[in-house]
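Lettering follows sequence order; numbering is per chain, from 1. Bear in mind the structure is a predicted one, so any value in this text is a computation, not a measurement.
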Protein chains: 2
Amino acid sequence: MGIPDRPKRTSARRPVSIQDIAEAAGVSHSTVSRALHNSDLIRPEVRLRVQQLAQKMGYIPNAVAQSLKGQRTHTVGLVISSIADPFAGRVVRGIEEIAQANRISLLLSVSYNDPERELEIIETFQRRRVDGVISATAQMRGAYVQRLTQIKMPTVMINQQADSEADRLLSVDADDYAGARLAVEHLLSLGHRRIGYLGVGNRWQSNRRRFAGYCDTLSAAGVAVNAQWVRVAPILNNPRSDDVVDGQALLPALLGSDVTAVFCYNDLIAVGALMACRELGIVVPEQMSVVGYDDVDIARYVTPPLTTVHQPKLRLGELAMQMLLDLLEGQAVHNTSLANELVVRSSTGPPPL
Amino acid sequence: MGIPDRPKRTSARRPVSIQDIAEAAGVSHSTVSRALHNSDLIRPEVRLRVQQLAQKMGYIPNAVAQSLKGQRTHTVGLVISSIADPFAGRVVRGIEEIAQANRISLLLSVSYNDPERELEIIETFQRRRVDGVISATAQMRGAYVQRLTQIKMPTVMINQQADSEADRLLSVDADDYAGARLAVEHLLSLGHRRIGYLGVGNRWQSNRRRFAGYCDTLSAAGVAVNAQWVRVAPILNNPRSDDVVDGQALLPALLGSDVTAVFCYNDLIAVGALMACRELGIVVPEQMSVVGYDDVDIARYVTPPLTTVHQPKLRLGELAMQMLLDLLEGQAVHNTSLANELVVRSSTGPPPL
DNA sequence: CACGATGGTGCACACGTGTGCAAAGAGGTG
DNA sequence: CACCTCTTTGCACACGTGTGCACCATCGTG
């Protein structure tokens with residue numbers, strides 16, 4: 001009665017397949033497949049019986065096989081430069097929320113801004129046949145972009161507003177240039193004229209945009225930017241650099257000039273600056289105003305609480321994921337740019353007399 | 001010459017398969033498969049020719065098909081309760097590093113301590129046939145554990161040292177009880193006798209262990225624990241609660257009693273306590289000592305820098321991933337418990353006279 | 001009763017890869 | 001030359017699922 005050519009499926013405790021259900025129900029595996037998909041090709045009684053049997057046998061569909069057959073894996077690759085970065089954390093949260101709501105799984109990879117690793121990661125994504133990629137890396141090297149465009153894999157970048165070469169890639173970002181202008185205008189309105197900038201070398205695109213906003217705002221106010229006011233953390237071969245340490249090391253170099261306020265590339269740099277001030281006995285904001293960027297959690301908890309430019313991190317992630325989903329649906333999508341918002345706390349005040 | 005039964009593979013810009021290479025090289029797909037695996041069954045000239053051809057055609061193996069055939073997906077599911085939590089961030093980093101080194105992909109899922117979501121997540125992992133699971137959720141509900149053991153999926157838990165029901169699951173953790181003792185002993189040695197505890201309700205296992213360490217250490221020193229000294233943040237139905245806010249709200253309730261120091265469940269609670277002290281004009285550590293737990297980055301940056309119990313977060317992640325790999329190799333593995341370390345900074349000092 | 005329409009089911013193939021086994025070819029030896 | 005051995009390759013199946021098409025049964029109608 002039983003067809004003996006199937007070599008004992010129960011051997012290695014393999015999960016039950018539709019074939020197993022088919023044998024148990026006395027139908028073909030096609031019928032089971034259709035029944036489980038509620039196809040109205042199958043007679044209602046059979047459909048119900050198969051479904052109950054599947055339930056009872058603890059059937060769980062094999063997504064690997066489904067991915068192979070249908071050409072969708074329902075998987076999205078996610079590249080970030082650092083998981084420890086609180087900025088990335090919020091963005092990922094937004095991404096994950098939308099992904100989970102749409103039954104998409106996320107493949108997480110951390111690049112540490114290592115070019116070699118970046119290439120490895122996208123090759124892994126290709127091998128795994130992800131439906132698309134979201135890249136929230138701080139820095140975008142030529143080879144990386146080139147590879148990504150070349151293989152025509154649906155991709156959305158976060159905070160990488162298109163310059164020159166990146167034109168063809170989709171992105172969602174918060175406007176760095178405008179954000180920087182908000183920060184510097186705030187300091188100008190408090191009466192500061194000599195305003196410094198502490199930047200980072202290893203995220204040159206966003207650093208350049210924020211720096212440009214800084215320069216243009218000062219120029220527009222009739223202040224000539226002094227090279228002595230600007231310090232940028234060098235690019236180390238060590239990819240695990242710490243922004244706070246950099247900010248702390250950078251600030252003292254500014255003291256030779258006579259700045260009364262400093263605009264920092266991000267909140268961590270700003271926290272470093274605050275710590276340096278404390279060490280040097282400089283009172284913030286009475287003797288020195290400090291502005292950060294990002295508005296990560298920590299900005300609220302340091303002393304004094306940091307005035308900073310709030311980026312809609314959660315929203316960035318949500319939008320990026322939604323955009324990718326739309327893209328996969330074949331809908332027309334367009335780059336999006338979100339506005340930032342100044343959050344005034346206690347690290348800024350009028351300049352000393 | 002060409003066999004016409006294959007319907008134009010070039011139609012939908014599908015990635016090249018070994019079949020395509022086989023046709024181009026005039027051999028069978030089996031030969032290509034073996035050649036690409038450097039099998040010495042294949043003649044060296046053919047092997048080289050196929051490899052070069054594969055390279056030239058931009059062949060990238062289909063991991064989905066490989067997963068279906070071989071019974072390994074080289075994928076590990078990762079469940080965490082919150083991505084924004086800085087503690088989780090470091091742990092994930094450790095996990096990811098080891099995973100990437102062993103060419104394992106990570107499927108990231110966030111549970112937000114939502115029981116329903118937890119069950120959905122592990123079902124997704126089952127569907128995707130992950131090789132194993134690492135769970136770093138703060139809280140482990142019965143149904144979750146039960147399901148995880150029941151389906152016999154290789155699993156490693158982080159910071160969930162086995163109580164009763166969880167005996168069968170592997171875990172790597174840092175000793176909460178001993179860590180709490182370190183913290184309280186430090187306060188005792190400074191001369192404090194009336195020491196408070198600020199806990200959390202929604203992570204009851206670890207909270208219970210730390211609280212037990214707190215109680216026992218006080219008792220051993222001959223101090224009777226006063227119920228007035230202990231406050232625990234209530235469990236909200238809102239799963240996105242904020243520890244800092246909780247700590248801030250909890251501290252004032254302690255002031256009625258006459259504690260001179262407070263041990264907090266984690267650094268975020270402690271930061272909230274610091275902020276409450278500042279608002280109330282209580283000087284730390286002169287009038288009140290505060291100790292945290294975890295040693296997340298932020299602990300170094302608040303004012304005053306936080307004395308805390310350092311957990312080897314990176315190491316926890318690395319060990320968990322390595323343990324899972326060993327488990328998959330069939331090696332014998334055993335639960336591991338790491339030691340914590342007290343980090344004395346400036347938020348603790350002798351009690352006021 | 002014969003024939004067509006309709007609804008339900010199974011066959012067979014496809015997705016892309018890996019592998020046991022047979023077969024074919026080459027080369028050596030008696 | 002016949003036979004055996006060894007190397008190299010292809011056939012065929014497997015992994016688990018989905019689906020076009022053919023087949024069969026049943027029913028209705030002329």
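Regarding contacts with the backbone of C/dG10, a side-chain N or O of A/S28 is found under 4.0 angstrom from either OP1 or OP2. Taking only side-chain nitrogens and oxygens, B/R43 never comes nearer than 4.0 Å to OP1 or OP2 of D/dT7. Side-chain N/O atoms of B/Q66 include one lying less than 4.0 angstrom from OP1 or OP2 on C/dG18.
For B/Q71, counting side-chain heavy atoms from C-beta on, the closest listed nucleotide (C/dG8, D/dC15, D/dT8) is D/dC15. Here the nucleotide nearest the side chain of B/S33, chosen from D/dG16, C/dT19, D/dT19, is C/dT19.
Formation of a donor-acceptor pair under 3.5 Å by the B/R103 side chain with backbone atoms of B/Q100 is not found in this model. Proximity of a side-chain donor or acceptor of B/S39 to a complementary backbone N or O of B/A35 within less than 3.5 Å is not detected. Judged purely by atom type and a 3.5 angstrom limit, A/D326 has no side-chain atom pairing as donor or acceptor with the backbone of A/V333.
Nucleic acid contact class of B/S30 (heavy atoms, under 4.0 Å, all strands): base.
Of the inter-residue distances, the one linking A/R14 atom CZ with B/Q71 atom CD reads 6.0 Å to the nearest 0.5 angstrom. Interatomic distance, CG of A/N113 versus CZ of A/R203, reported as 7.5 Å (0.5 Å rounding).
Using a cutoff of 4.0 Å between basic side-chain nitrogens and carboxylate oxygens, B/R49 and B/E45 are not scored as salt-bridged. In summary, A/E120 and A/R117 do not engage in a salt bridge, as defined by a charged side-chain N under 4.0 Å from a carboxylate O.
Position along DNA chain D of the nearest nucleotide to B/R129 versus B/D40 favours B/D40 as the more 5'-ward residue. Ranked by how close their nearest DNA chain C nucleotide is to the 5' end, A/K69 and B/T31 are led by A/K69.
Between the CZ atom of A/R14 and the C1' atom of D/dC15 there is a distance of 8 Å, rounded to whole Å. Distance, B/Q19 CD to C/dC15 P: 9 Å, rounded to whole Å. Atom P of nucleotide D/dC15 and atom CZ of B/R128 are separated by 22 Å, given to the nearest angstrom. When rounded to the nearest whole Å, the span between CE of A/M57 and P of D/dG16 equals 13 Å. Regarding A/I42, its CD1 atom lies at a distance of 12 Å from the C1' atom of D/dT19, rounded to whole Å. Rounded to an integer number of Å, the gap from B/L36 CG to C/dT17 C1' is 11 Å. Atom CZ in B/R127 sits about 17 Å away from atom P in D/dG16, given to the nearest Å. Note: CG (B/L41) to C1' (C/dA24) measures 15 Å, nearest angstrom.
A donor-acceptor contact under 3.5 Å is formed by the side chain of A/H29 with the base of D/dG18. Looking at B/R34, its side chain comes within 3.5 Å of the base of D/dG10 through a donor and an acceptor atom.
Using a 4.0 Å cut-off on heavy atoms, none of the residues of residues 58-65 of chain B approach DNA chain D.
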Give the C-alpha distance, both sets of side-chain angles, the deciding distance and a yes or no for salt bridge (Lys or Arg N to Asp or Glu O under 4.0 Å) between A/E96 and A/R93. CA-CA 5 Å; A/E96 205 272 347; A/R93 179 168 171 163; over 6 Å; no

